Amino acid sequence: MEPRLNLFTSPVLGKIVKHVIAAGKAAEDSGVPTATLNLVMIRASQINGCAGCLDMHVKDAAAAGETAVRLSLVAAWREAKVFTDAEKAALELAEAGTRIADSAGVSDEVWARAAKHYDDDQLGALVGCIAVINTFNRFNVITQQPAGDYVVGMYS
C-alpha cells in the first residue's frame with residue numbers, strides 16, 4: 001500500500017503534524033507513568049484500526065520494558081489481571097474518549113474512576129494523550145500510512 005500523502009513532506013500537513021507532536025510532548029512530563037501512556041495510545045489505536053500507531057507504540061512499549069503478556073491483553077484489559085486499577089481507569093477513559101460518538105461522551109462515572117487515581121494535572125495529560133493519539137490515528141488511517149517498518153526511536 002502506498003500512502004496517499006507523506007505526513008512529513010506534505011507542506012501543510014507536515015506543519016500540522018509538527019504542532020500535534022509538540023502538543024503530545026506535554027503529556028510525557030506529567031507524572032503519568034510512561035507505561036500507562038503507552039497502554040492508552042495502544043488501546044485507542046486498536047479501536048481506530050491504526051496499524052501505524054500500533055506498530056510504533058507497541059514497539060516503544062516493549063523497548064521500555066512492557067511485557068508481551070500485557071501488550072497482548074490490552075484489547076481485553078477488563079478481564080486481564082495484569083493491569084493495575086489506575087491503568088484500568090486510564091484505559092477506560094481512553095476508550096470512552098475515543099468512542100465519544102458511541103456513548104455521547106465520557107460519563108461522570110468513567111471520569112470519577114480516573115480521578116481516583118490521577119490528580120488534575122495527570123488527568124489533563126491523559127486527556128491530551130487521548131486527543132493526540134486519536135488525531136494521529138486519523139492522520140494515518142485517512143492517508144493510508146503503511147505499517148511494520150517502525151524502528152524504536154526513528155522519529156526522535
Side-chain angles (χ1 to χ4, degrees), residues 1 7 17 20-156:
M1 171 172 58
L7 298 181
V17 167
V20 177
I21 289 170
K25 297 274 186 216
E28 295 174 9
D29 299 323
S30 66
V32 176
T34 300
T36 302
L37 295 174
N38 282 330
L39 295 171
V40 162
M41 291 185 285
I42 290 166
R43 185 64 191 126
S45 299
Q46 288 172 335
I47 292 166
N48 289 323
C50 183
C53 287
L54 284 168
D55 184 30
M56 178 179 190
H57 296 297
V58 167
K59 288 175 180 174
D60 285 346
E66 194 59 76
T67 68
V69 170
R70 283 170 45 97
L71 291 172
S72 297
L73 291 173
V74 172
W77 63 266
R78 283 179 177 81
E79 298 81 28
K81 296 179 181 179
V82 297
F83 301 109
T84 67
D85 289 342
E87 289 169 334
K88 287 183 175 187
L91 287 164
E92 183 179 33
L93 185 62
E95 284 190 3
T98 298
R99 294 182 164 141
I100 54 176
D102 298 339
S103 61
V106 176
S107 72
D108 290 340
E109 294 79 16
V110 168
W111 185 263
R113 282 190 285 278
K116 285 188 343 189
H117 301 282
Y118 302 100
D119 64 27
D120 284 353
D121 286 343
Q122 293 169 326
L123 286 167
L126 285 168
V127 169
C129 178
I130 294 163
V132 167
I133 195 60
N134 274 279
T135 300
F136 272 109
N137 291 166
R138 280 143 182 80
F139 286 154
N140 288 335
V141 171
I142 293 167
T143 62
Q144 295 184 339
Q145 297 300 306
D149 295 331
Y150 177 75
V151 175
V152 174
M154 71 186 277
Y155 296 127
S156 297

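Predicted, not measured: the structure shown is a model, and the values here were computed from it.
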Of the non-hydrogen atoms in [X] and [Y], which two are nearest, and what is the gap between them?
X	Y	result
Ala125	Ala27	O-CB, 3.7 Å
Val74	Arg43	O-CD, 3.7 Å
Cys129	Val40	SG-CG1, 4.0 Å
Ile130	Ala94	CD1-CA, 3.5 Å
Asn137	Ala44	OD1-O, 3.4 Å
Glu87	Thr36	CG-OG1, 3.7 Å

Going through the checks in order, is the side-chain contact (heavy atoms from CB on, under 4.5 Å) test met by Ile42 and Trp77? CA-CA 12 Å; Ile42 290 166; Trp77 63 266; over 6 Å; no

From [X] atom [atom1] to [Y] atom [atom2], the distance as rounded to the nearest 0.5 Å:
X	Y	atom1	atom2	value
Asp149	Asp55	CG	CG	7.5 Å
Arg113	Asp108	CZ	CG	10.5 Å
Leu73	Arg78	CG	CZ	14.0 Å
Glu95	Ile47	CD	CD1	4.5 Å
Leu93	Ser107	CG	OG	9.5 Å
Ser45	Leu54	OG	CG	5.0 Å

Counting N and O atoms only, with roles assigned by atom type, does the side chain of [X] sit under 3.5 Å from a partner on the main chain of [Y], one being a donor and the other an acceptor?
X	Y	value
Lys88	Ala80	yes
Tyr118	Ala86	yes
Gln122	Gly31	yes

Any chance the side chains of Asp60 and Asn38 put a donor and an acceptor closer than 3.5 Å? no

Show, in sequence, the C-alpha distance, side-chain angles and deciding distance for Val141 and Cys50, and conclude whether the side-chain contact (heavy atoms from CB on, under 4.5 Å) test is met. CA-CA 6 Å; Val141 171; Cys50 183; 4.1 Å; yes

Taking Arg138 as the fixed residue, which of Asn134, Thr135, Asn140 is the one that meets the side-chain hydrogen bond (donor to acceptor under 3.5 Å, both in side chains) rule? Asn134

Measure the shortest side-chain to side-chain distance between Arg70 and Leu39 over non-hydrogen atoms and say whether it is less than 4.5 angstrom. yes

Is there a side-chain contact between Met56 and Phe136 (heavy atoms, below 4.5 Å)? no

Answer yes or no: are there more than 12 heavy-atom neighbours, outside Ile100 itself, under 6.0 Å from its atom CD1? no

Evaluate the criterion side-chain contact (heavy atoms from CB on, under 4.5 Å) for residue pair His57 and Ile133; output intermediate values, then yes/no. CA-CA 10 Å; His57 296 297; Ile133 195 60; 3.6 Å; yes

